[in-house]
**Student:** 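Can you read through this structure? Questions will come right after.
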Amino acid sequence: MSGWLLPIVAVLLIGYGAVSARLQTSVVTEAMVFVVAGLLLGSWALDVIDVGPANTVVLLLAEVTLAVVLFTDAVRVKLPRLRHEAAVPLRLLGIGLPLTIVAGTLVGLLVFPDLNVWTAAALATILAPTDAALGLPVISNRKLPSRIRQGLNVESGLNDGVCVPLLIIFLTLAVAEEDAAHTGPVRILLEEIGFGAVGGVVAGVLGAWILRRAVARGWATPSWQQIVPVATAILAYTLAAALGGSGFIAAFVAGIAFGAVGKGDAESSTGFAEQSGQLLNALTFLMFGAVLLGPALGRLDWTVVAYAVLSLTVVRMVPVALGMIGMRMRLTTVAFLGWFGPRGLASIVFVLLVVDESSLAESVLLQTVVSVTVGLSVFAHGLSAYPLAHAYASWFAGQSKSHPTMTENTKVRGPRHRAERVGATDAGETS
């Protein structure tokens with residue numbers, strides 16, 4: 001029956017495309033549709049997709065998808081504004097992310113007492129990265145404060161790359177390889193981040209510079225102008241990987257560099273890359289539903305559900321709240337930031353890497369926990385993104401009218417405590 005797979009997927013894509021505009025203003029997201037479709041196409045119903053050999057396909061698909069999505073998201077980051085709004089992503093990455101991994105490790109040891117500390121840390125690290133695409137109504141809603149949207153987007157773009165070296169370190173220690181204590185964790189961390197950033201800057205600047213020169217001289221056709229950003233994302237990922245760095249950090253940094261150097265040409269040329277990312281994202285979640293989530297649901301027990309729920313709530317929200325101390329944010333904003341940390345593509349990639357490339361005895365447990373957590377996140381964050389984004393925007397607009405000189409985008413500095421508005425100030429201002 002596997003010969004029917006491609007026709008069924010094609011019909012599904014056509015059908016979703018036909019109603020995609022209607023679904024944008026509903027609580028039904030792209031990821032939810034394709035995860036459910038994957039479950040039905042897998043062993044749960046039609047059994048069209050053979051689960052056995054599909055892990056490698058899903059891993060490759062997810063890696064390519066994540067690189068393209070990170071690149072296109074980063075192109076939209078406005079560097080001048082980000083310089084003034086760096087506090088939120090810096091605190092999310094510098095305080096929130098490490099505390100999330102620590103909290104996830106402690107919860108893992110509590111819920112799964114048979115795990116050693118390094119395996120629990122590996123599980124926490126796999127589930128630490130966020131996927132802004134699963135909360136698209138949040139980061140794309142221009143009525144929300146700019147620094148909240150930018151902060152969540154930048155956090156999502158960089159945290160998976162930061163987690164790669166940490167995951168390598170924890171896995172090495174978890175499998176108790178010889179001389180595991182002397183693997184040079186600081187060196188690995190610096191290489192992954194440093195070479196990733198270098199690869200991203202080189203690829204992004206080069207791609208944007210060539211595109212601008214070619215467009216100015218009329219050398220590039222419109223269709224090939226759309227292909228250049230995709231090739232730039234691939235160059236960034238592969239160059240960083242060849243240097244020994246994180247391809248995911250490289251893809252995001254390349255997008256920022258590409259947007260900064262290419263300016264208007266960069267934004268107008270990313271249409272094909274964004275569309276490719278959407279298609280790849282849909283296919284990845286379809287395969288995730290069939291190959292990972294379906295089998296994981298068959299191994300479900302209360303400990304897996306407990307960890308998944310805690311991972312999406314306490315493990316994420318408490319560290320974020322601690323990271324925002326001193327930012328003069330209202331509790332509503334802190335809770336909003338804490339809740340919108342969906343788990344998606346990066347976690348899928350990471351757990352497949354663990355299954356395929358490590359000899360960890362608990363790899364099946366990790367795959368089950370991660371799959372259930374991502375599946376729960378797809379629906380919990382998908383169903384809540386649109387209504388909560390609009391509710392928060394309305395609340396923020398009310399606060400802006402009541403306190404026109406002090407909002408969530410206000411920071412106080414200087415001896416006179418002068419309130420300075422930074423970035424998008426009122427709810428109606430666009431980015």
**Student:** For residues 296-308, which residue pairs pass the side chain to side chain donor-acceptor pair (under 3.5 Å) check, not counting sequence neighbours?
**Tutor:**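 Sorted pair list: Arg299-Thr368, Asp301-Thr303.
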**Student:** Does the ring centre of Phe248 sit less than 6.0 Å away from the ring centre of Phe252?
**Tutor:**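 No, the ring centres sit 6.0 Å or more apart.
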**Student:** Only counting residues at least two apart or in another chain, list the ones meeting salt bridge (Lys or Arg N to Asp or Glu O under 4.0 Å) with Glu274.
**Tutor:**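 With sequence neighbours excluded, Glu274 shows a salt bridge (Lys or Arg N to Asp or Glu O under 4.0 Å) to Arg76, given in chain and number order.
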**Student:** Who pairs with Ser384 by side chain to side chain donor-acceptor pair (under 3.5 Å), at least two apart in sequence or on another chain?
**Tutor:**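 Side chain to side chain donor-acceptor pair (under 3.5 Å) check on Ser384 returns Trp339.
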**Student:** Holding to salt bridge (Lys or Arg N to Asp or Glu O under 4.0 Å), I want the full list of residues that pass it with Arg316, two or more places apart in sequence or in another chain.
**Tutor:**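 Salt bridge (Lys or Arg N to Asp or Glu O under 4.0 Å) list for Arg316, sorted by chain: Glu155.
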**Student:** Using side-chain contact (heavy atoms from CB on, under 4.5 Å) as the criterion, list what pairs up with Ile95, not counting sequence neighbours.
**Tutor:**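 Once residues adjacent in sequence are excluded, the partners of Ile95 under the side-chain contact (heavy atoms from CB on, under 4.5 Å) criterion are Arg91, Leu99.
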**Student:** Does anything in residues 256-297 form a ring-ring contact (aromatic ring centres under 6.0 Å, His included)? List the pairs, not counting sequence neighbours.
**Tutor:**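 Residue pairs passing ring-ring contact (aromatic ring centres under 6.0 Å, His included), neighbours aside: Phe71-Phe258.
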**Student:** Start with the C-alpha gap between Ser140 and Leu136, add the side-chain angles, then the distance that decides, and say whether side chain to side chain contact (heavy atoms under 4.5 Å, CB included) holds.
**Tutor:** CA-CA 6 Å; Ser140 63; Leu136 191 60; 4.2 Å; yes
**Student:** How would you list all residue pairs meeting side chain to side chain donor-acceptor pair (under 3.5 Å) that involve residues 58-69, not counting sequence neighbours?
**Tutor:**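 Output for this query lists Glu63-Tyr237, Thr65-Thr284.
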**Student:** Shortest non-hydrogen contact from Pro229 to Gln226?
**Tutor:**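 Closest approach of Pro229 to Gln226: CD-O, 3.3 Å.
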**Student:** Once side chain to side chain donor-acceptor pair (under 3.5 Å) is applied, do any residues pair with Ser156, and if so which ones, sequence neighbours excluded?
**Tutor:**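 If we apply the side chain to side chain donor-acceptor pair (under 3.5 Å) test to Ser156, skipping adjacent residues, there are no hits.
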**Student:** Tell me which pairs pass side chain to side chain donor-acceptor pair (under 3.5 Å) where either residue lies in residues 193-216, with sequence neighbours left out.
**Tutor:**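 Those involving residues 193-216 do not exist here.
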**Student:** Val334 and Ala321: which non-hydrogen atoms are nearest, and at how many Å?
**Tutor:**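 Shortest heavy-atom contact: CG1-CA, 3.6 Å.
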**Student:** Which heavy atom of Leu158 sits nearest a heavy atom of Ile249, and at what distance?
**Tutor:**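 Closest approach of Leu158 to Ile249, heavy atoms only: O-CG1, 4.4 Å.
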**Student:** Could you give all pairs that pass the side chain to side chain donor-acceptor pair (under 3.5 Å) test and reach residues 20-32, with sequence neighbours left out?
**Tutor:**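 Pairs touching residues 20-32 that pass the test: Glu30-Asn281.
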**Student:** Go through the structure and list residues passing side chain to side chain donor-acceptor pair (under 3.5 Å) with Asn159, not counting sequence neighbours.
**Tutor:**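 With neighbours one apart ignored, the set is Thr130.
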**Student:** Can you name the nearest heavy-atom pair linking Leu97 to Ala128, along with the distance?
**Tutor:**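 Scanning both residues, the minimum pair turns out to be CD1-CB, 3.7 Å.
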**Student:** Got a sec, which residues hit side-chain contact (heavy atoms from CB on, under 4.5 Å) with Pro342, two or more places apart in sequence or on another chain?
**Tutor:**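 Per chain and number, Pro342 pairs via side-chain contact (heavy atoms from CB on, under 4.5 Å) with Leu134, Ser377, His381.
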**Student:** For Ala250 and Gly199, work out which heavy atoms get closest and say how close.
**Tutor:**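 For Ala250 and Gly199, the tightest heavy-atom pair comes out as CB-C, 4.4 Å.
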